[in-house]
Amino acid sequence: MDLRYDENQILIQDQAREFIARESPLEQVHEWRRSETPLPGPVWQGMAAMGWLGAILPEDYGGMGLSLTDLSRILEEMGRGLLPGPFLPTLTAAHAVLLGGPQEMRRRILPAVVQGQLHLALARTQEGGRFDAMGGRFFADSTEGGYLLFGEKLAVPGLAEADHIVVAAVLGLPEKIDEGVAFFLIDPKVTGVVIEPLRTLDGGWTQASLRLDAVRVPAYRLLGENPGQGPSVNERVSALLDLSLAFDALGGAQHAMEIAVEYAKVRTAFGQPIGSYQAIKHKCADMLHAVESLRAIAMWAAWVMDASEPAQDATPALAAAMVRATAIETYDLVVRHATQVLGAIACTEEHVMHLFAKRAKTLSLAFGPLAYYQEIILRENGFGISAGSQGG
Amino acid sequence: MDFRLTEGQERYREAVRHWVADNIPEMEALPYPADPTPEQMRERYALWQRKRFDFRLTCVHWPEAVGGAGLTAMEHFIVTEEIDTLNVAPNLNIIGFGMCLPVILHAGSGEQRNRYIPAALRGEEIWCQLFSEPGAGSDLAGLTTRAEPDGKGWRVNGQKTWTSYAHFADRGLCLARSESSASRHRGLTMFLVDMRREGVSVRPIRINNGDHVFNEVFFDNVYVEPEDVLGEVHGGWKVAIDTLMFERGTSNIHILMRPQIDKVIALAKERLAGAAPTLGNQAARGEIARLITRLKVMDIQGLRVLHGATTGAPPGPEGSFVKLDWSEINQRAQALALDLLGPAGALLGDNPAVPEGGWFPKNWLRSFANTIEAGSSEILRNIVSERILGLPKDAQRQNPNRAR
Ligand SMILES: Cc1cc2nc3c(=O)[nH]c(=O)nc-3n(C[C@H](O)[C@H](O)[C@H](O)COP(=O)(O)OP(=O)(O)OC[C@H]3O[C@@H](n4cnc5c(N)ncnc54)[C@H](O)[C@@H]3O)c2cc1C
C-alpha cells in the first residue's frame, strides 16, 4: 500500500499550478467571466504544449499515455483555478473516439486534439429524469449505409466552439430502447444539425442546445465495433467524466475553503479574529473534513479505474458514483460555509466566491442530481430495483 | 498510488482466516448464555484472549519481547478486521489494548512494559482509563483527584467517573494532581493503579439503554508504588495527550464499529432491495447510499492513518476525521434502522414480533454517546480548526493554563 502521489505526479501538479497561475490567474478568470470572454486561444495552445490535451491518450496519437491518477493532478489544479474552456468536453469526447472509433477516425481526430487544433463536445446525458445515455432523446435509425439521427438536448458543454460532436444516441426506434446506446461522431456543419448558443450561470463552459433533424451519418462514424456495443464505451466514458468532475470539485472546494480560512484569521469582530469564534471555526473544520473526505475517495476512485485488475470491493461504476455523490455534496457545503464565514463581501459580484458557487452548482446540475448517483450506489450494492417493480 | 495490501499481507490475512476457521468451532461449542453474568463474560474473554496470545494473534504490531509479533500496524489492522469484528468473546480490554497499554509501551520503563504488557496480552489483566471526573470532562486539566507522596510511594484520593470497564478492570491508568500549586497542566502525574487495592471502590452507572458500560470510581487513600508512575512525576499531561493520540491513531475503533453498522445495512437490504423508489422510501434510499459512501470514505481515512503510522509520517488530521466519521455515521445508521423498522423499532423483549429482541432500539440509544466519548465532536472540531487550519484559539481559552 502506498497512499502518496509519486514524484512525477507531484511534478505534474506543480507545473499545472504554475501554468494556471501564470496564464489564467483567478483575477483574470473573474474578468473573463464578467465580460463573457471565452478562454483565449493562446491559453488553449499552452495547454496543448503542456501535453494536457493528450494526457491520457496513447503515445501512438501523440498523447502522453498517463494514468487517471496522473491526470487527476492536472484536473484538481484546473478546478482550483476555475480554468475556463472546453477541456473536460474535449477530454471525454476524445476518449470516446479512442475507445470506440475506427482506426481511420482515431488517426484523423486524436493527434489534432493533442495539438490543440480541435475542440470536441460530448452530448451524452439527457434531461428528463434519466441521466444515463439510455434515457436518450437522440435516436439513431438504421438506413442504407448508415444512420439517421433525431432528437434534441438542451445544454451541451463546449458545443458552441466544438469542431466535432460525440453524440450518444439510442439505436433503433424508441420502443427498442434496450438495444442500447451508441456514440456517433458528428460534424456540426452538416445539414440538420442545429446549434444554438446559450448564456450560462457559470461561464466556465460555453453551453449550447443541440437539435438533430434527420442528420444522415455514415456507418463509419459510429463508435463501437458493432451497434449495441455502446454501453462499454459509455460506461468508461461516464466513469472518466464523473472522476474528472470530482477532481474539479475537489480543487475548487479546497480553494474556496482556503479563501475563507485565511479571512477568518485576519477579519476581526468584537475585538477578536472571527476564526476564534467557534461558530466560525467549526464551519472551517467541517469544510476541511468534507474536502479531505472527497480527497480520500477521489484518490481511491482514480486508483480503482486505473487498476488493470478489478478491485476487490468496487466496480469502476460504483467508484465513479460514490466519488460524484461525494463531490456534489462537498462542493455545495463548502461554498455555503465559505460564504457564511466571509460575510457580505462574499455576496458581492466583486468577490470570487460566487464563481465557486456557480461552478459547484453547474457541476451538480449538468450530469444528474445526487439521487441519480445514489441509485447507482444502491444498485451496485445489491439494493437494485427488481424488474417487477420497475417504473414505480 | 496503491491501495492493495502487499502479497505478504494478503497471505497473512489468509493465514489469519484459516486460524479463525479452525478455532471458532471450539469456542462456539462452549456454553455461553445470551445474557451472561460478568463472571461468564470474564471467563470467555480470558479463554479467547489466551488462545489468541498463544498464537501471537493479538496486538501483533507490538515487539515480540512483550508478547506481540513484531509486525506492523497494517497486520494489526488485518487481525482487527478478521478476528475482533467477529465478537467471539466480549471485548473487555478494549480500553487497555487501544489506549493504556500502547502508552505504557510508548512512555513506560522497560520494567513497566515487561510487568504489564504480557499479562494483559495473556488475558490475565484488564485495564481501564481513569481520566474523566465529575468536574473535568473535555476540560481534563480541571481534574482534582490528588496524589500525595507518603514517604515511600503515593496516596491517591478523589473520584473518577464514566470509567468504562472499571467493573472488570485489574488495573487503571490514572491521571491525578500531584502538585496543587503549579499551573493546571504542569502539576499532573500519570499512575498505573492496582484496582484491587484497598480504598478503591467501583460503583456502576447505567448507560441510557440500561446496560452497565461505565462506572464511578472512588479512591480513598489508595497506595501506589513509586515505580508505578508512568513517565515523569508532574509530567502526566504529556502522557495523557499521547494516550489520546493512540485513541485516534491505531486503536481501530472504526473497524470495531463495523459489525453494528453492517447490521443496519443488512436490515436496509432486507427492507429496500428490489423495491422501486417511492415517496415512502426515497429518503431512506438516499440515506443508505450516503451511509455506504461515507463508510468507504472512513475506511480510506483509516488507511491513511495507518499508512502514516507505518511510514513514520507525523500524524495528520485523518485521525480526528475517522473519529468524527465513525461516531456520526453510527448515529445516523442506528437512527435509520429504527425508521426502517417502523413501530417495531420501539419494542423490546423476547418476542417473535420484536426484531432481534430489541437490539436495534437499545443500540440506537447507546449510539447517542458516540459523539461524546473518546473526544466530543466539538473538541475534535476545535482541534482540527486550531491545529490543522491554524485558526486562533477560542477567546475564552487563550490562556493555556486555563483549559485543555
Ligand atoms: C460511553 C462513554 C464511555 C466513556 N469512557 C470513559 C473512560 O473509560 N474513561 C474516561 O476517563 N472517560 C470516559 N468517558 C468520558 C468522556 O471522556 C467525557 O464524557 C468527555 O471527555 C466529555 O466530557 P463531559 O462528558 O464531562 O462533557 P463536558 O466536557 O462537560 O462537555 C459538555 C458539552 O460541552 C461541549 N464542550 C466542552 N468544552 C468545549 C469547548 N471548549 N468548546 C466547545 N464545546 C465544548 C462538549 O463537546 C459537550 O458537547 C466516557 C464517556 C462516555 C459517554
Side-chain angles (χ1 to χ4, degrees), chain A residues 1-6 9 67 69 257 261 264-265 270-273 275-278 280-282 284-289 292-294 296-297 299-300 302-304 306-307 311-314 321-322 325-326 329 370-371 373-378 381-386 388-392, chain B residues 1-6 9 74 265 268-269 272-278 282 285-290 292-294 296-304 306-308 310-311 313 316-318 320-321 324-325 377-378 380-386 388-398:
Chain A
M1 195 170 74
D2 188 352
L3 306 186
R4 289 165 300 189
Y5 290 114
D6 65 28
Q9 288 159 343
S67 67
T69 301
M257 170 187 75
V261 168
K265 292 177 188 171
F270 302 98
Q272 298 285 337
S276 66
Y277 298 113
Q278 281 192 358
I280 296 296
K281 75 168 50 160
H282 287 191
C284 293
D286 287 344
M287 285 194 270
L288 183 67
H289 185 195
E292 284 301 313
S293 297
L294 174 56
I297 201 159
M299 277 164 47
W300 169 79
W303 172 79
V304 168
D306 273 332
Q312 280 175 351
D313 57 347
M322 292 209 288
T326 308
E329 293 199 295
L370 184 59
Y373 292 96
Q374 289 179 331
E375 283 301 324
I376 299 178
I377 294 165
L378 291 173
N381 277 283
F383 286 81
I385 301 163
S386 62
S389 60
Q390 187 94 40
Chain B
M1 195 64 61
D2 191 355
F3 282 79
R4 281 171 313 174
L5 301 182
T6 62
Q9 288 160 347
M74 194 55 84
I265 293 179
K269 199 168 277 185
L272 295 177
T278 64
Q282 222 165 30
R285 289 183 78 84
E287 190 72 349
I288 197 82
R290 185 175 283 122
I292 291 169
T293 307
R294 284 197 70 183
K296 186 74 218 178
V297 168
M298 178 180 82
D299 282 350
I300 299 165
Q301 298 289 37
L303 291 178
R304 288 171 89 186
L306 265 185
H307 185 257
T310 48
T311 55
E318 294 86 2
S320 297
F321 295 146
L324 285 168
D325 283 339
S377 297
E378 289 74 25
L380 290 170
R381 287 183 166 90
N382 285 349
I383 292 174
V384 167
S385 51
E386 291 171 11
I388 297 157
L389 292 174
L391 289 172
K393 274 197 171 296
D394 295 359
Q396 306 89 316
R397 292 189 304 128
Q398 278 176 354

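Letters go in sequence order (proteins before strands), and every chain restarts at 1.
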Side chain of Arg285(B), backbone of Phe383(A): donor and acceptor closer than 3.5 Å?
yes
Just give me the residue among Leu380(B), Leu303(B), Asp299(B) that pairs up with chain A most often, heavy atom to heavy atom, under 4.5 Å.
Leu303(B)
Looking at chain A, which one of Ala268(B), Gly390(B), Ser385(B) has the largest number of heavy-atom pairs inside 4.5 Å, strictly under?
Ser385(B)
Shortest non-hydrogen contact from Leu391(B) to Gly275(A)?
CB-O, 3.8 Å
Between Val297(B) and Ser293(A), which heavy-atom pair has the shortest distance, and what is it?
CG1-CB, 3.4 Å
With chain A as the partner, which of Arg290(B), Arg294(B), Gln282(B), Met298(B) has the greatest number of non-hydrogen pairs under 4.5 Å?
Arg290(B)
Any non-hydrogen side-chain atom of His282(A) less than 4.5 Å from a side-chain atom of Glu378(B)?
yes
With a 4.5 Å cut-off on heavy-atom pairs, point out which of Ala264(A), Ala371(A), Gly382(A) contacts chain B the most.
Gly382(A)
Hey, which of His307(B), Arg304(B), Met1(B) is the one that makes side chain to side chain contact (heavy atoms under 4.5 Å, CB included) with Arg4(A)?
His307(B)
Interface check, chain B: of Asp2(A), Val304(A), Asn381(A), most non-hydrogen pairs under 4.5 Å belong to Asp2(A)
To the closest 0.5 Å, what do you measure between CD1 (Ile377(A)) and CD1 (Ile288(B))?
11.5 Å
Is chain B contacted by the side chain of Trp300(A), its backbone, both, or neither, given a heavy-atom distance below 4.5 Å?
both
Give, for atom CG of Asp394(B) and atom CD of Gln272(A), the distance between the pair rounded to the nearest 0.5 Å.
9.5 Å
Looking only at heavy atoms, the pair that brings Lys393(B) and Ser276(A) closest together is O-CB, 3.3 Å
For His289(A) and Phe321(B), take the angle between the two ring planes, folded into 0 to 90°, and tell me which bin it lands in: parallel under 30, tilted 30 to 60, perpendicular over 60.
parallel
Given Met74(B), Arg4(B), Lys269(B), Gln301(B), the one with more heavy-atom pairs under 4.5 angstrom with chain A than any other is Lys269(B)
